[in-house]
Chemist: 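Got a structure for you, written out below as structure tokens; questions coming shortly.
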Amino acid sequence: MNDARIDKWMWAVRIFKTRTIAAEACKKGRISINGALAKASRTVKPGDVIEVRKPPVTYSFKVLQPIEKRVGAKLVPEMMENVTAPEQYELLELTRINGFINRAKGTGRPTKKERRDLDEFSQGEDGGGCGFEFDFEE
């Protein structure tokens with residue numbers, strides 16, 4: 001087998017949780033193969049570069065082996081290579097941090113996890129604020 005359907009391949013290598021979600025992403029124009037938009041029935045071959053837009057990030061994967069049957073997570077690196085640019089991961093981290101700072105008005109109180117992450121971000125890793133000690137007794 002030298003080719004496989006794009007929706008089956010993305011499901012098989014665990015890019016999407018279900019094949020239905022993978023097919024829907026194709027339908028919405030979020031999947032491209034070698035720069036061209038792809039339908040769910042489009043086939044992939046070894047060497048193809050697939051771009052998956054999951055806002056705000058665009059992930060890129062190189063097909064090493066086309067498969068249609070789902071494989072274990074340990075075997076995924078043999079089937080594809082992640083060639084996503086480092087800037088995309090920086091953008092993802094920046095968006096994650098901004099989500100806490102620019103909290104939309106009316107969304108309620110932060111959850112415990114959001115509160116801890118916000119405290120960690122504002123106080124730094126050591127938990128001591130800005131890192132300076134002031135002596136106000138003078």
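Quick note: residue numbers are just sequence positions, from 1.
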Chemist: So does Lys45 have more than 12 non-hydrogen atoms from other groups sitting under 6.0 Å from NZ?
Modeler: yes
Chemist: Taking all atoms of both residues into account, what is the closest heavy-atom pair of Arg53 and Gly29, and its distance?
Modeler: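 In terms of heavy atoms, the two residues are closest at NH2-O, 2.8 Å.
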Chemist: Any side-chain hydrogen bond (donor to acceptor under 3.5 Å, both in side chains) involving residues 73-85? Give me the pairs, sequence neighbours left out, ordered by first then second residue.
Modeler: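 The answer is Asn82-Thr84, Asn82-Tyr89.
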Chemist: Does the side chain of Arg115 reach to within under 4.5 Å of the side chain of Asp119, using non-hydrogen atoms?
Modeler: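 In contact.
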Chemist: Got Val52 and Phe16 here, is their nearest side-chain heavy-atom distance under 4.5 Å?
Modeler: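 Val52 reaches Phe16 side chain to side chain.
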Chemist: Any heavy-atom pair between the side chains of Lys54 and Arg30 that's under 4.5 Å?
Modeler: no
Chemist: Would you say Tyr59 ends up clustered with Ile50 if hydrophobic residues are merged whenever their side chains have heavy atoms under 4.5 Å apart, either directly or through other cluster members?
Modeler: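 Linked, Ile50 and Tyr59 end up in one cluster.
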Chemist: Look up atom CZ in Arg42 and atom SG in Cys26, then write down how far apart they are to the nearest 0.5 Å.
Modeler: 10.5 Å
Chemist: When you group the ILVMFWY residues by side-chain heavy-atom contacts below 4.5 Å and let the links chain together, are Ile6 and Leu64 in the same group?
Modeler: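 No, because Leu64 and Ile6 fall into different hydrophobic clusters, even though each may have its own neighbours under 4.5 Å.
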Chemist: Are any of the side-chain heavy atoms of Trp9 and Met80 separated by less than 4.5 Å?
Modeler: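 Yes, close enough: below the 4.5 Å cut-off.
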Chemist: Does Val71 share a hydrophobic cluster with Phe61, counting links as ILVMFWY side-chain heavy atoms below 4.5 Å and allowing steps through other members?
Modeler: yes
Chemist: How long is the span from the NZ atom in Lys69 to the NZ atom in Lys8, to the nearest 0.5 Å?
Modeler: 7.5 Å
Chemist: Can you tell me how far CG of Leu118 sits from OG1 of Thr111, rounded to the nearest 0.5 angstrom?
Modeler: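 Interatomic distance, Thr111 OG1 to Leu118 CG, rounded to 0.5 Å: 10.5 Å.
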Chemist: Nearest 0.5 Å, what's the CG-CG distance between Asp48 and Asp3?
Modeler: 9.5 Å
Chemist: Counting N and O atoms only, with roles assigned by atom type, does the side chain of Gln88 sit under 3.5 Å from a partner on the main chain of Ala85, one being a donor and the other an acceptor?
Modeler: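 No.
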Chemist: Report yes if the side chains of Trp11 and Arg70 come closer than 4.5 Å at any heavy-atom pair, otherwise no.
Modeler: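 Answer yes - side chains close enough.
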Chemist: Count I, L, V, M, F, W, Y as connected when their side-chain heavy atoms are under 4.5 Å apart, and connections chain through other members. Are Leu75 and Val13 then in the same cluster?
Modeler: yes
Chemist: Looking at Glu51 and Ser60, what are the two nearest heavy atoms and their distance?
Modeler: CG-OG, 3.7 Å
Chemist: Can you name the closest pair of heavy atoms from Ala73 and Arg14 and give their distance?
Modeler: N-NE, 3.7 Å
Chemist: Mind checking the CZ-CD1 spacing from Arg5 to Ile67? Nearest 0.5 Å is all I need.
Modeler: 15.0 Å
Chemist: State plainly whether one hydrophobic cluster holds both Val76 and Ile31, where clusters connect Ile, Leu, Val, Met, Phe, Trp and Tyr through side-chain heavy atoms under 4.5 angstrom apart.
Modeler: yes
